[in-house]
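For clarity, every value in this text was computed on a predicted model and none was experimentally measured.
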Number of protein chains: 2
Amino acid sequence: MHRLNVDLGERSYPIVIGSALLNDPSHFGQAIRGNQVLVVTNETIAPLYLEKVLASLRGFAKVDSIQLPDGEAFKTLDTLNRVFDTLLEKRHDRSTTIVALGGGVIGDMSGFAAACYQRGVDFVQVPTTLLSQVDSSVGGKTGVNHPLGKNMIGAFYQPQLVLIDIDTLRTLPDRELSAGIAEVIKYGMICDQPFFEWLEQNMHKLLARDPQALAYAVKRSCEDKAAVVADDERESGRRAILNFGHTFGHAIEAVQGYGKWLHGEAVAAGMAMAAELSRLRGWVGENEVQRLRTLLSQANLPQQSPEDMTVDDYLSAMSVDKKVQDGKLRLVLLRALGDAQIIDDTPREQLIEALRACGAR
Amino acid sequence: MHRLNVDLGERSYPIVIGSALLNDPSHFGQAIRGNQVLVVTNETIAPLYLEKVLASLRGFAKVDSIQLPDGEAFKTLDTLNRVFDTLLEKRHDRSTTIVALGGGVIGDMSGFAAACYQRGVDFVQVPTTLLSQVDSSVGGKTGVNHPLGKNMIGAFYQPQLVLIDIDTLRTLPDRELSAGIAEVIKYGMICDQPFFEWLEQNMHKLLARDPQALAYAVKRSCEDKAAVVADDERESGRRAILNFGHTFGHAIEAVQGYGKWLHGEAVAAGMAMAAELSRLRGWVGENEVQRLRTLLSQANLPQQSPEDMTVDDYLSAMSVDKKVQDGKLRLVLLRALGDAQIIDDTPREQLIEALRACGAR
């Protein structure tokens, strides 16, 4: 069992990573301060793990659960409101704790519900997908989508505990495993070259779901992300390097319609675009771009734009992305493998060339 | 012109109180950091003051406005979503500032929109009712109602500036002026006996809208509230004394339907109930209760329950109120005039007796 601490002063919290953690009431017992709990999960995860979690919560006086529909398409204010309905119908008060059991969508919505319910209640994350284990469960970003943009409504809100049971990855579909690996690769690219090299050598183990390799990759990813977040909790500066590939990826998700491409798949293609742009700027060579493309390919991830997307689709979608400051497009590029930098002076022509290099029409 | 500072460390902000402030671009110029502004107001206030405010914002590159329907009944997630729609349709980014021009409903919703839009943008409050000037513009409470409870969804979020133009009180209906005075009286009751005595002597001036008297009452109320809030920003302890009369008041609003009684009117009756309960506990005498009732009566405020409400209506509504911790009803009572205390051990019979003393059936 690994145990990390995300160091955010009075909002610090532990991440516990290991096997058979869902069966162990002690982790919940230590983190949950009141005697009321609402487990928020979805219709896919509930049949697999809800009973196990409820059994571990048996010691609390009031334990309720709600099953939301599965998928990014349901990450909306309307779905969020169903969580508030349940909390109020079941008479949960300010001492309640919301437990998020599921992937990134469940985690983001449950965290935002916790941030807003009675202006803030406690929150425990139990991420069950690789993507949410290495990304959305660390860093306090919560929220929902708006028809005009992803994650446009939300809050920074930290959990009391993140409990990562590696066993939940056994039931994860292959495609979602790969999507999670996209974010794992990202950490290597932006701040951890040794980890990138480890991934080049161990990708086959991750794809074979070797528990040791998975636990190591999750732990290392969380450490990398926690280090970046601890420096810049509210994303005023360097934290934005975590968006490597995401501005392009969000454009893909927005234009294709949320849910058609998985988030990690869109980010994979977006990382290829950001790498091409870094090359055009003269920061990395053909070789580094190729290493990224090879690794993405090994992980069964896309490295090209969806075929039906045009350059104009990207430019239009990116101008309402959160990363725009005072009209300037901010992007994360690579100075080298393992060294990302934020820029806001990309020439339009270079941007277009990078998009075309990745197959945008 | 008065200028106070609400001292909350890095979230500190000024409150400026005076005449003709809306016409003066300098206050906005100092507080607004970006070049985008969205003014959120309602259909009642817009014809009176929107043009004036837009003129003072002429120096900013992008200034949009949205008019929401007027009234507590529209303080909902649905109305909030209209603000997000406008921000996204008009392509406001993270550097935007939301200016709330209106009463408490506009302030609460705009502040919550600012807290959530792209996980937090800047916020300026321009409260135009006495209630919002002395209450909801100070303290960072933002949010919306849920059909099952008032202010159940929200955030603690501090503005960059609160700009109180006393001239806006000239157009305030008499009934709303009185409702605002209810909260002014509250400050005297819970923490400022000299102010309570000033109110006993100067109530006629407030009702005659004497500008000097109004400015003094607003300033003194803001000072009293700011002192309480500075001690306890997130309402973990003493700040709850500001809820004096509110648990009863919220029950009245919830059972009657939001908007039938004004918030201040419900709080006035609620304060009478809390005072009666303090008397039954042996903390204040008949005399203090009578002084409160007399002052409420001078201010044309109710001191009794709505005729159609039963004791059971109150008990049922209060058990889902935010002030319930682990099943215990927390109430604010008076040890003496100007000295409030939070308790959670009210005997049910005493509660019922106090409700009956105020006309609950």
Colleague: Tyr117(A): which residues meet the side-chain hydrogen bond (donor to acceptor under 3.5 Å, both in side chains) condition with it, sequence neighbours left out?
Modeller: none
Colleague: Restricting to non-hydrogen atoms, name the atom on Phe244(A) and the atom on Val267(A) that form the minimum distance, rounded to 0.1 Å.
Modeller: O-CG1, 4.2 Å
Colleague: What are the residues of residues 76-84 of chain B, in order of number, with any heavy atom under 4.5 angstrom from a heavy atom of chain A?
Modeller: Leu77(B), Asn81(B), Phe84(B)
Colleague: What residues form a side-chain hydrogen bond (donor to acceptor under 3.5 Å, both in side chains) with Ser132(A), not counting sequence neighbours?
Modeller: Thr129(A)
Colleague: Go through the atoms of Thr96(A) and report whether side chain, backbone, both or neither lie under 4.5 Å from a heavy atom of chain B.
Modeller: neither
Colleague: Looking at every heavy atom in both Ala340(A) and Val332(A), which two are closest together, and how far apart are they?
Modeller: CB-CG1, 3.8 Å
Colleague: What pair of heavy atoms forms the shortest contact from Val121(B) to Arg94(B), and how long is it?
Modeller: CG1-O, 3.7 Å
Colleague: My understanding is that only residues two or more places apart in sequence, or in another chain, count here; which of them pass salt bridge (Lys or Arg N to Asp or Glu O under 4.0 Å) with Asp122(A)?
Modeller: Arg33(A)
